[in-house]
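What you see is a predicted model, and the numbers here were worked out from it, not measured in a lab. Side chains are part of it too, since the values below use all heavy atoms of this structure and drop only hydrogens, waters and symmetry mates.
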Amino acid sequence: MPWTRDQMAERAAKELQDGFYVNLGIGMPTLVANHIGEDIDVTLQSENGMLGMGPFPTEDEVDADLINAGKQTITELKRTSYFSSADSFGMIRGGHIDLSVLGAMEVAENGDIANWMIPGKMVKGMGGAMDLVAGVKRIIVLMDHTNKAGESKFLKACSLPLTGKNVVDMIVSDLGVFRRLDHDSPFQLIELAPGVTEEEVRSKTEAHYEVAL
Amino acid sequence: MPWTRDQMAERAAKELQDGFYVNLGIGMPTLVANHIGEDIDVTLQSENGMLGMGPFPTEDEVDADLINAGKQTITELKRTSYFSSADSFGMIRGGHIDLSVLGAMEVAENGDIANWMIPGKMVKGMGGAMDLVAGVKRIIVLMDHTNKAGESKFLKACSLPLTGKNVVDMIVSDLGVFRRLDHDSPFQLIELAPGVTEEEVRSKTEAHYEVAL
Amino acid sequence: MADKVYANAAAALEGLTVDGITVMAGGFGLCGIPEKLIAALRDSGAKDLTCISNNAGVDDFGLGLLLRTRQIKKMISSYVGENKEFERQYLGGELELEFNPQGTLAERCRAGGAGIPGFYTKTGVGTLVAEGKEHKEFGGETYILETGLVADVALVKAWKADPYGNLVYRKTAQNFNSVMATAGKVTIAEVEELVGPGELDPDRIDTPGIFVQRLIVGQGYEKRIEQRTVREAA
Amino acid sequence: MADKVYANAAAALEGLTVDGITVMAGGFGLCGIPEKLIAALRDSGAKDLTCISNNAGVDDFGLGLLLRTRQIKKMISSYVGENKEFERQYLGGELELEFNPQGTLAERCRAGGAGIPGFYTKTGVGTLVAEGKEHKEFGGETYILETGLVADVALVKAWKADPYGNLVYRKTAQNFNSVMATAGKVTIAEVEELVGPGELDPDRIDTPGIFVQRLIVGQGYEKRIEQRTVREAA
């Protein structure tokens, strides 16, 4: 049975290590925060200018001056610091963030990612996504394996305008996990969701990948 | 009689206007601070990271963490803010400082200035001088008209390595004041120290200048 | 000292609201937006504005107010998702739009304020954003050239100010405000509280007064929340 | 969390003091220099160092200590006037020296830390500093290309830290420290006081903990003053 969204987030959370600074994208990636192991200490960055993001506030704690990059109300922690947007993206662009988990519309076998626009549809903008994929040390994509039409989202080449070129290090889909060792290597299928077969993955994947289960 | 150093500083101080943000160079330019009119409000910047520089401290107030760009102990004011060297030079390079008063070894009739190195002698470095002459809106040079050998320091062309090209707006020497309207215009002699004649200035000046007394 | 404190937002904008100017407006979403100054800019009637702002407000708040009245000719933003009127004007060809990656937008403002006319970044290499831009290699990697931005008027929102124009921001309401404050030919700040001289800790000032030419104290801040997300109290 | 607090300067440098590395050291003159870490670097015996620091200390304090022991191969600085041993080694051809305008040096460190490999500046155009550098026009003015700087190890001095590595500086002792903290592959901070979690105001942190890998509390700060200039008490 394919992983649920929550299980996908749980699987991605296993990539977090003690002491990591992590940026979680808007949408499904925010679920990763619920699965951070209790034995490790991770600091979440929010690109609107905060390091050390806490949980959602209680009704009493809501503060309009304290939101995350998804514009959700949040809270601070004892470790929190605030800074400008320029300093925040200096942190991101300068390679100081260890890991980012992002959603995607398409990922290509060469590590390209598309997650910001569909030609012909209203484009909302890339926000901080291009900065994150260019600057963060390791990029994990969390996405459904196929789109609503059942077509593979892990492709030979992206058809949509790119967010970044050769930047993805790992894909966690509802069917399994692909990883590559570096940006010159091919992706390897390293894990399957329970009950999902290698054949099922192959039939639903356009991209070339190696198998290393 | 030529102006004393203090009188030169007093003359330069007349160029300060109410509300100005001003950076005073090390050495003679620091004397300008003693002559700021009581009717105007001027804020002094120190390029090591301070806006709103106060007077020297009393013995009791000396604080090793509070120095100016000349490494002298100073004090803060009610308006003071501190910031990093990068932010300080962002302020300077970005054209936010209204006026800087600097010393010079040579100034040329095209506005070039040399004040940081003499080939063959030990070079201490340019410090912030190149940034100031490039970034500050208006540059006033405070210097003796001639060097110890009696040779003009206001020249047709600088012989020493430059600090900046076409950057000087005004020269206050012990003999008088030269000004130019913009960086495409020639310098004009606009003022003489008391008892100094136009002929004396001409005999001691290599640079071409216009007279507009 | 020339008094920086103005009576209200309209007074602070006086003489500046010329058609066709470029305006920076701080804020992220609706957090830390200069809401009083934006409303006064709307009331000024200035049109054909180029607005540099990370977002475009919502239909009835923030820069959305200026969209409704068709005062904006062009937006430079990173994300504009929350605004139906924006969508309508853009799809109808009535509004120009230049998307910048958020970090590139922030850095362009910082560069403009710091006298840096251009800088290289990895962000956007290989994407639409890189088209037409100079590419250059550093250490075997490819980067693109981005340019500094300045504005005729920068509108920022801070928490507190002193009469010298020193500003401090609160939590994530800082965002683009401190960066844009450096990049306005004229920068106008609106604040929630004006404190006396010497009441701000000089080591904690986010925007030194040199960057702020005009200042108002806003009354009755709305501070709208876009995504009120809460958890149960324990 | 991996504990960032080390017992002393020698322990904090362990494993990093390899010959030939590039070291940034904060401070302006002798103000805000990482005096304990510099002394420990001297004691480590690491040699052929490239040191990026605005100044070079004095003969018996600051980076002067490393000059005396000939551990420095090259300095990148803006002003080195206060050091006889420096002068002797430089004139004798024993020491390489690269002068950067002070603002360019600060911006190069900031750029290195922020992932900007190059930027354009007016500073130095038409001078020796511009020789061999790419020139480019923006808006009819000429600028030169300067590159970002990173260091293998950045040594900084702050006033207070918390266990997360968040740092605050005091007055003009901030200077290059906060900039260089962002540009070290490993950044080590020495502080006068370590406070508990949550004791620093999150709105007043100069260096967020992400930039600081190791941390020590220094004892008995000398804080030497170069130009003690006083006025008579009124």
Side-chain angles (χ1 to χ4, degrees), chain B residues 16-23 36-54 63 65-68 74-100 128 130-137 164 167, chain C residues 1-5 24 106-119 147-151 154 158 160-169 178-187 189 194-215:
Chain B
L16 275 49
Q17 294 174 26
D18 190 43
F20 263 24
Y21 294 91
V22 174
N23 183 298
I36 299 173
E38 301 221 336
D39 52 329
I40 64 168
D41 185 278
V42 166
T43 304
L44 299 179
Q45 201 248 19
S46 189
E47 65 262 30
N48 54 319
M50 180 184 199
L51 188 68
M53 188 165 62
D63 183 338
D65 289 339
L66 183 42
I67 65 170
N68 66 16
I74 45 159
T75 55
E76 68 186 26
L77 302 170
K78 287 190 174 175
R79 71 184 59 189
T80 299
S81 57
Y82 300 104
F83 33 81
S84 74
S85 297
D87 285 347
S88 183
F89 283 94
M91 221 172 256
I92 291 168
R93 199 190 307 102
H96 302 281
I97 309 281
D98 296 291
L99 181 71
S100 186
M130 285 191 183
D131 309 280
L132 286 165
V133 299
V136 172
K137 283 183 200 154
V167 294
Chain C
M1 188 176 61
D3 195 357
K4 294 185 175 184
V5 183
M24 284 184 184
E107 190 66 15
R108 292 183 72 191
C109 297
R110 192 237 169 229
I116 307 275
F119 61 90
T147 55
L149 286 172
V150 291
K160 294 182 185 181
D162 68 17
Y164 306 105
N166 292 311
L167 306 180
V168 299
Y169 304 92
S178 56
V179 187
M180 289 179 171
T182 70
K185 287 177 200 161
V186 177
T187 292
L194 181 68
V195 304
E199 287 185 41
L200 297 178
D201 175 358
D203 267 324
R204 190 254 183 267
I205 289 167
D206 297 307
T207 296
I210 193 171
F211 295 114
V212 178
Q213 283 72 47
R214 304 182 184 192
L215 189 61

All salt bridge (charged side-chain N to carboxylate O under 4.0 Å, His left out) counterparts of C:Asp206, not counting sequence neighbours = C:Arg204
Under 4.5 Å between any side-chain heavy atoms of C:Thr182 and B:Asp87, yes or no?
-> no
Measure distances from C:Asn166 to the heavy atoms of chain B and classify the residue's part below 4.5 Å as side chain, backbone, both or neither.
-> side chain
Shortest non-hydrogen contact from C:Pro208 toward B:Phe83 | CG-CD2, 3.7 Å
Looking only at atom types and distance, does a side-chain atom of B:His96 sit under 3.5 Å from a main-chain N or O of C:Ala114, one as donor and one as acceptor?
-> no
Minimum heavy-atom separation for B:Tyr21 to C:Lys4, with atom names?
-> OH-NZ, 2.7 Å
Output, in order, the C-alpha distance, side-chain angles, deciding distance and verdict of side chain to side chain contact (heavy atoms under 4.5 Å, CB included) for C:Ile116 and B:Arg93.
-> CA-CA 8 Å; C:Ile116 307 275; B:Arg93 199 190 307 102; 3.7 Å; yes
Please walk me through it: do C:Ile210 and B:Ile97 pass side chain to side chain contact (heavy atoms under 4.5 Å, CB included)?
-> CA-CA 8 Å; C:Ile210 193 171; B:Ile97 309 281; 3.7 Å; yes
Can you check whether C:Pro197 reaches B:Arg79 side chain to side chain, under 4.5 Å on heavy atoms?
-> no
Between CD1 of C:Ile205 and OG1 of B:Thr80, what distance do you get to the nearest 0.5 Å?
-> 8.0 Å
Gap separating the CG atom of B:Leu51 from the OH atom of C:Tyr164, nearest 0.5 angstrom | 11.5 Å
What option among C:Asp201, C:Asp203, C:Asp162 has the most heavy-atom pairs under 4.5 Å with chain B?
-> C:Asp203
With sequence neighbours excluded, residues passing salt bridge (charged side-chain N to carboxylate O under 4.0 Å, His left out) with C:Arg214 = none
